[in-house]
Amino acid sequence: MEEWNETVEKWQELMEKGQYILLREELNEENPANVAEFLEELPADKQLFLFRLLSKDMAAEAFSYLDNDTQEMLVTSITDTEVRNIVDNMYLDDTVDFLEEAPANLVSKVLRNTDRETRALINRFLHYPENSAGSLMTVEFVYLSKTMTAKRAMEIIRKNGLDKETIYTCYVIDDKKHLVGVLPLRTLLFADEDKLVEELMEEDVISIATLDDQEEAANLFRKYSFIALPVVDGENRLVGIITVDDIVDVIDEETTEDMEKMAALLPSDEEYLKTPVTKLARNRIVWLCVLMISGTLSSAIISGYDAILSQAVQLAAFIPVLTGTGGNAGSQTSATIIRGMSLGDIRPRDILRVMGKEVQVGMICGVLLAALNFIKQTIFSPSTDIMVDLTVSVSMGFVVVVAKAMGCVLPIGAKVCKLDPAIMAGPLITTVVDAVALVIFFSVAQWLVL
């Protein structure tokens, strides 16, 4: 980080002194992601000036790393020729990613500055459903015919591989473009020149369909440690590949979305500092209203047990402790289950096994917490009625067991109902467990105290 700050200071100094030729040389030798980061820190007028200093290749690569606002500003400001240079030197999937977020006038400007073939490809990509594998893939990959020799395959890679996103894994097709195998470059390099690709390839190919969800693609990358994943259409014809750099972005998006849902927020793609206050409030108020209304259930339960509270006033002091413990126990379990489901470790059919395990965990934790609470009350609050202490402790044990069970059942139930399991976490499950905890608490009080 310190080295990066020194580099930025050096570039800013070169700008202030007007040494733009030297600055251009340094920027063109830098990593495109670092150049993009430097550009985003500058005022808009300087962003445009420096962007025009970059070479065509560097400008295209750095452009793909810029945030949407900066990309839109640059495309609006530069000439058609400059737009054409960017599109010609960018990978197709990066161009599509930009156009998916861009306003219509910018999309039109970009499309009219592309050749007919590229424009057709872009339009095809833009028509895939959002967050599908098809919208994520690129068509810039190396494919080989199963009937060619290893020597011919290497010639094709040398001729076409420079502009492809990856050449480490080559995909093999038949005469109808069906995906029939995969061939690592390493295998091809050490193969006899006269060997047929069909003899060298691995026939057991894992692929994903164009309409499958991008989260399924992320799961396959995670499970098999891919650097690329082939994408096929409904007839198993190879139409593109998804590369690991795109999956990293997907995992980041999915994780952020799950975190927002678990915190009872409506998901947002915008950066925090660039999001208007009104939108932040709108993203939060919906769930706050839902939780407030559902929280009235707890109030209704307490009102229904007024007679018990009037006879044992000391019970009221322990309601926050009990509901807080139950909420925390449920949140722990739901977070664990949601993570397991996102990684593919837990499936809806595993519900009985998961529930059995969580009930056992709940019984261990519940007994320990109940005993600890009883000892704590006996030592630090000797004036409290011992039956009240026993009521709270017994209730706590039951509440923890039930909370753990609900913490696994609700997310899995949401998945079965085609909902995102992440919504059954944090504030929502705490609200549900609060109501259940109160019912258990007052039921135990009726049995032990009254």
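Model, not experiment: these values are computed from the prediction.
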Whether the side chain of Ser135 engages the backbone of Ser132 through a donor-acceptor N/O pair (distance < 3.5 Å, no angle test) should be reported. yes
Applying ring pair (Phe, Tyr, Trp, His ring centres under 6.0 Å), can you list everything that pairs with Phe318, at least two apart in sequence or on another chain? none
Counting only N and O atoms by type, is there a donor-acceptor contact under 3.5 Å from the side chain of Gln71 to the main-chain atoms of Phe63? yes
Mind checking the CZ-CG spacing from Arg24 to Asn28? Nearest 0.5 Å is all I need. 5.0 Å
For residues 25-38, pull every pair meeting salt bridge (charged side-chain N to carboxylate O under 4.0 Å, His left out), keeping only residues two or more places apart or in separate chains. Lys10-Glu26
Using a strict threshold of under 4.0 Å (side-chain N to carboxylate O), is an ion pair present between Glu13 and Lys17? yes
Measuring from atom CG of Asp345 to atom NZ of Lys223, what distance do you get when rounded to the nearest 0.5 angstrom? 10.0 Å
Quick one, Arg112 and Val83 - any side-chain contact, counting heavy atoms below 4.5 Å? no
The criterion is ring pair (Phe, Tyr, Trp, His ring centres under 6.0 Å); which residues satisfy it with Tyr20, sequence neighbours excluded? Phe49
Please lay out, stage by stage, how Glu155 and Arg158 fare under the test salt bridge (charged side-chain N to carboxylate O under 4.0 Å, His left out). CA-CA 5 Å; Glu155 290 173 355; Arg158 290 191 187 98; over 6 Å; no
Smallest heavy-atom separation, Glu82 atom then Arg52 atom, equals OE2-NE, 2.9 Å
Asp88, Val87, Ile86 screened by side-chain contact (heavy atoms from CB on, under 4.5 Å) with Met90, the one that passes: Ile86
If you define the side chain from C-beta out and look only at heavy atoms, does anything of Glu198 sit under 4.5 Å from Val172? no
With distance as the sole test, does Thr333 use its side chain to make a donor-acceptor pair with the main-chain N or O of Gly330 at under 3.5 Å? no
Between the side chain of Thr187 and the main-chain N/O of Leu183, is any donor-acceptor distance below 3.5 Å? no
Quick one: which residue pairs count as a ring pair (Phe, Tyr, Trp, His ring centres under 6.0 Å) with a foot in residues 223-256, not counting sequence neighbours? Tyr224-Phe226
Hey, are the side chains of Met355 and Ile412 touching, using non-hydrogen atoms and a 4.5 Å cut-off? no
Side chains of Thr81 and Thr79 only: does a donor on one sit below 3.5 Å from an acceptor on the other? no
Residues that Tyr128 engages under ring pair (Phe, Tyr, Trp, His ring centres under 6.0 Å), provided they are two or more places apart: none
Using the side-chain hydrogen bond (donor to acceptor under 3.5 Å, both in side chains) rule, take Gln360 and Lys404 through it: C-alpha gap first, then chi angles, then the decisive distance, then the call. CA-CA 9 Å; Gln360 291 178 60; Lys404 293 290 185 185; over 6 Å; no
Please check if the side chain of Gln47 supplies one atom and the backbone of Leu39 the other of a donor-acceptor pair under 3.5 Å. yes
Can you spot which of Val182, Val142, Ile241 makes a side-chain contact (heavy atoms from CB on, under 4.5 Å) with Thr169? Val182
Just by distance, with hydrogens left out, do Asp245 and Thr243 show a side-chain donor and acceptor under 3.5 Å apart? yes
Do the side chain of Asp67 and the main chain of Thr70 share a donor and acceptor less than 3.5 angstrom apart? yes
Do any pairs count as a ring pair (Phe, Tyr, Trp, His ring centres under 6.0 Å) and have a residue in residues 170-223, sequence neighbours left out, and if so which ones? none
Considering only heavy atoms from C-beta outward, does the side chain of Ile173 approach that of Leu144 to under 4.5 Å? no
Heavy-atom donor-acceptor pair, Asp94 side chain to Ser64 backbone, under 3.5 Å: no
